[in-house]
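Read through the structure below, which is laid out as structure tokens, and then see the notes.
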Amino acid sequence: MINKTIKILTSSAVLTATALTSSAFADVKVGMITTLSGGGAGLGIDVRDGFMLAIKQSGRTDIEVVIEDDQRKPDIAVQLADKMVQSEKVDVLTGIIWSNLAMAVVPSVTAQGKFYLSPNAGPSALAGAGCHKNYFNVAWQNDNLHEAAGAYANGAGHKNSFILAPNYPAGKDALTGYKRFFSGDLAGEIFTKLGQTDYAAEIAQIRASNADSVFFFLPGGMGISFLKQYASSGVDLPVVGPAFSFDQGILQAVGSAALGVVNTSQWNKDIDNPTNNAFVESFKAEYGRLPSLYASQGFDTANLLISAVATSDVKDADSFRKALEAANFDSTRGDFKFGSNHHPVQTIYARKVIKEGDIFTNMIIGTALENHSDAYAKECKF
Amino acid sequence: MILTRENILNFVITAGLILVPIYAVIVEEPFTITLATRAVIFSLAAVGLNIALGLGGMVSLGHAVFFGLGGYTMGILAFHAQSYIPLFEWPILIEGTKQMLVVWPLAMIISAIAAFVIGLLSLRTGGVYFIMITLAFGQMFFFFSISWSAYGGEDGLSIYVRNQFPLVNTLVPIQFYAICLAILMLALWINARLAKSSFGLALSAARQNTERVRNVGLDPTSIKLVAFVISGAITGLAGALFADLNRFVSPTMFSWQLSGEIMVFIIIGGIGRLYGPVLGAIIFVTLEHFLGGISEYWLVFLGLLLLLIVLFSRGGLVGLLVGRERVHE
Amino acid sequence: MGAANSCTQTCGVFMSFALFAEQVLNGLQSGIMLFVMAAGLTLIFGVMGLINLAHGSLYMVGAFAAAAAAAWTGSFLLALVAALTGAALVGMFVEMLVIRRLYDRDHLDQVLATFALILIFSEGTRFFFGSFPLFLDVPKVIAGPINLPIGIEYPVYRLIIIGVGLCVALGLWLLISKTRLGVQIRAGKNDREMIAALGVNISALYTFVFAIGAGLAGLAGALVGAIQSVQVGMGEPVLILAFVVIVIGGIGSIKGAFIGAILVGLTDTLGGIFLPELFKLFMEGSIATSLGSALASMLIYILMAVILVCRPQGLFGVQG
């Protein structure tokens, strides 16, 4: 059988005549497994585009990226990881969006001595006792944004929250994360069905409770449905949620129902630093749309990789790992550093949904948690 | 064996299943072996379904239940073995295990029990109702596995090392492949024997004319139920192997799309044909791999192909290649 | 950082009669929407004997057509018209191209061919509309809540959905029992040769019936899409629910589909609320919530299995 994959070679030879950055070290091959087809494709496409933008801007000729579509199916992701390791002989893997796919792939590839840089998923099992020295998370630990939402709710004076999330591991982590930081009472706690699209019953329960605020984690289409139905229900308690339901990609679909809602994120397009400003402009110029949270994570992941490739040899795992740990790159989030378990220690902001011209987007209104690590770091021993 | 065109085709497919991976070892393309293993395991699952569907005429849209149960049997036992937590301490101590020879019979027994219960209830209905009630059972297992957090819920369970088999290093792709292929051949042999046996003839009769079977003093429902249980057990075994291949199990193994895909293998290959499921699974895995590499929208092409096969080549690819002859009918 | 107080009895939602009535209303509303979807499915099965898995795709087509039309014209009413006609036209086209070749095939071929159509529709839609959800919203005037007796506050739009659904039910009943076309449809159901012999163009009749079913699915997609999310793959969960509905009701029976839809809507909505509460009576809070929700998500399938085991032809199915 012939191995035919989409190979996106860094086209620096064509684009930049100043390709002087090619280093003395061996070339690096990166395998990206991400979701490019089916319902969750938008997130994978954003991560890929952000990642490839950074590679292109770096002008390096010594990084080759092989991209494959996991269709959001764990068994396909495992199969692709086998392919990346066995046939493509990649040095570094990246790209996975969903926690369940990450749990299927990461333990096995890191055990085989490969590096894995996570641009999105950060399941708790990989941050605590199940951490690995070759696993780096550039986005967040899954609980982070929910913890920040809890902290924000305290600051905003909420005393009695109604909280809901889908009945699956990430949903349970979300509620745990919120409760970890929220110091008020709970007016109600509901697990909805995964993939549920009608929230009339839950909204009726919220109305009947004596809550003063609502926290929800409902990614993708579930969040769109909830927000639209909530907005027209007449319940006007303040809502807090993590950035996932207020991301650039889906905000246009929610429309005015999301206006004014506060959500927590480690990134926004108005974080004012040269890297971020340049990123937002060049992303718009390249792809004709505003970058999302996921695009920024893909971009940062690629830049972390580039910073390590520039100063160390990927074949020398120890020195390459050190270079990654140093995280010596300009992040769209400003300063970037890893904690002891290779997860970010970062500031998480509270943002508010606004309308700019015809486009719905977010604006930072404050800081929810500063220099925040995660609850599992101390259980991690390499 | 009579030298029919179908037998020649079956021989060619078998030879291919043996030679391609050997070639892959020689040219050092281990991933080709992984793909071939996937195809062989899917074949096995479809051979299982083909006993219910092809011989017994039972259109089950819930065979992912057995595939998933087999997978979770393996996953849960391995999870307990690798974490040294006993499965039960009361009434007797049961520990996890990583021995394939223990896991396989268990996976088959558990799938068979589930198939017995589901079959017993579902066979009260017929036609479309049968399709839909099996789908409903599939959905029950799917939603339960997503929310059952003890074994990972939607995240699934990772197994760090493949299970063991005496005298074989299962971590070497070609050796694991050899095990899977041997099981597939065994299942095909059982399938062929079954079709020719008096039980197979009775089953075939129960599919075509329930009344006539009843008139000769047999109970068509019991015959079908037995076939359904055998079918479920084989698909369950395939699930256990699939879990071993991926070193991972998750609720997607219970999804109705997977039930549909197993059925697709049979239709692509040829329903009721001995090697139909095998050819179908090989084609599907190959297409999935190549088309998936060419276009993000490869599912459109898969859909078109499937549509063309259903509309214009009744009898699937085997039918297309060797004509409409059927051994038993 | 302080730990949030965990959920105790006070957190179990206080269930007043008004709240209970509102939840029943919610169950009815979701059931009636399911009926609009399921009616087409059961009609198509009843008349042509076809299992159409691609019915969910027509629901999606309706929602996308509505979103596109709303973005273009700004009118919600036009969007609904676009959904209805768009899905009906696509349905007609697919019927003439593919579906009519499946009528005299067995159910297995029908399942497989329409499964293939799902793949083509889903990825085709993604090709044309991209991977991000589209915007479709309810007009401002009917977006808000209204006060009903006994202190229920209920979104106007959901009441309108109930109204539209009841109109569809009435319309279908009139069409089938009072019109010449209905006579043909009922006859086509029982005896194809007979009706062909009477000089009715049976293939045109079938195309028309399929288009009605498709249009209804499209209308449901648009109505629901406005308060949910218009995205690729939105049709599949609804499709399975619609099948549950028509199987419970007895395939081919419009009355059965109506009763089945209400039953499923109520079971799903009320089960999701009461099961966790019920479990809290005899176990610890968060385990009860989790276990109760897990069981609730399986509940309609359990309902369906129980009904089929007791009545293998569904509630209003015809024997044989």
Contact class of A:Ser108 relative to chain B, heavy atoms under 4.5 angstrom: side chain
Given the options B:Gly153, B:Pro30, B:Pro251, B:Ala24, which has more heavy-atom pairs under 4.5 Å with chain A than any of the others? B:Pro30
Test B:Arg38 against A:Asp75 for side-chain contact (heavy atoms from CB on, under 4.5 Å), laying out the working first. CA-CA 10 Å; B:Arg38 187 177 165 86; A:Asp75 62 299; 3.2 Å; yes
Which atom names give the shortest non-hydrogen contact between B:Phe31 and A:Gln79, and what distance separates them? CE1-O, 3.1 Å
Top of A:Val105, A:Val85, A:Ile76 for chain B proximity - count of heavy-atom pairs under 4.5 angstrom: A:Ile76
Residue pair B:Ile146 / A:Tyr168: nearest heavy atoms and the distance that separates them: CG2-CB, 4.1 Å
Report which part of B:Glu288 has an atom under 4.5 Å of a heavy atom belonging to chain A: side chain, backbone, both, or neither. side chain
Give, for atom CD of B:Glu28 and atom CD of A:Gln86, the distance between the pair rounded to the nearest 0.5 Å. 12.5 Å
Honestly, the part of B:Thr34 sitting under 4.5 Å from a heavy atom of chain A is side chain
Looking only at heavy atoms, which two atoms of A:Pro107 and B:Ser158 are closest? And how far apart? CG-OG, 4.3 Å
Locate the shortest heavy-atom distance separating B:Phe248 from A:Asn100; write the atom from each residue and the value. CZ-O, 3.8 Å
So which atom in B:Asp155 and which in A:Met103 form the shortest heavy-atom distance, rounded to 0.1 Å? O-CB, 4.1 Å
Could you check A:Lys73 against B:Gln257 for side-chain contact (heavy atoms from CB on, under 4.5 Å), going step by step and ending with a plain yes or no? CA-CA 11 Å; A:Lys73 292 183 188 162; B:Gln257 284 91 346; over 6 Å; no
Chain B heavy atoms under 4.5 Å from A:Ala104: which part of the residue, side chain, backbone, both or neither? both
Checking heavy atoms, do the side chain of B:Trp148, its backbone, both or neither come under 4.5 Å from chain A? neither
Between A:Gln71 and B:Trp298 the two heavy atoms that sit nearest each other are NE2-CZ2, 3.2 Å
Sub-4.5 Å side-chain heavy-atom contact between B:Arg247 and A:Asp82: yes
Let me know if B:Phe143 has heavy atoms under 4.5 Å from chain A in its side chain, its backbone, both or neither. side chain
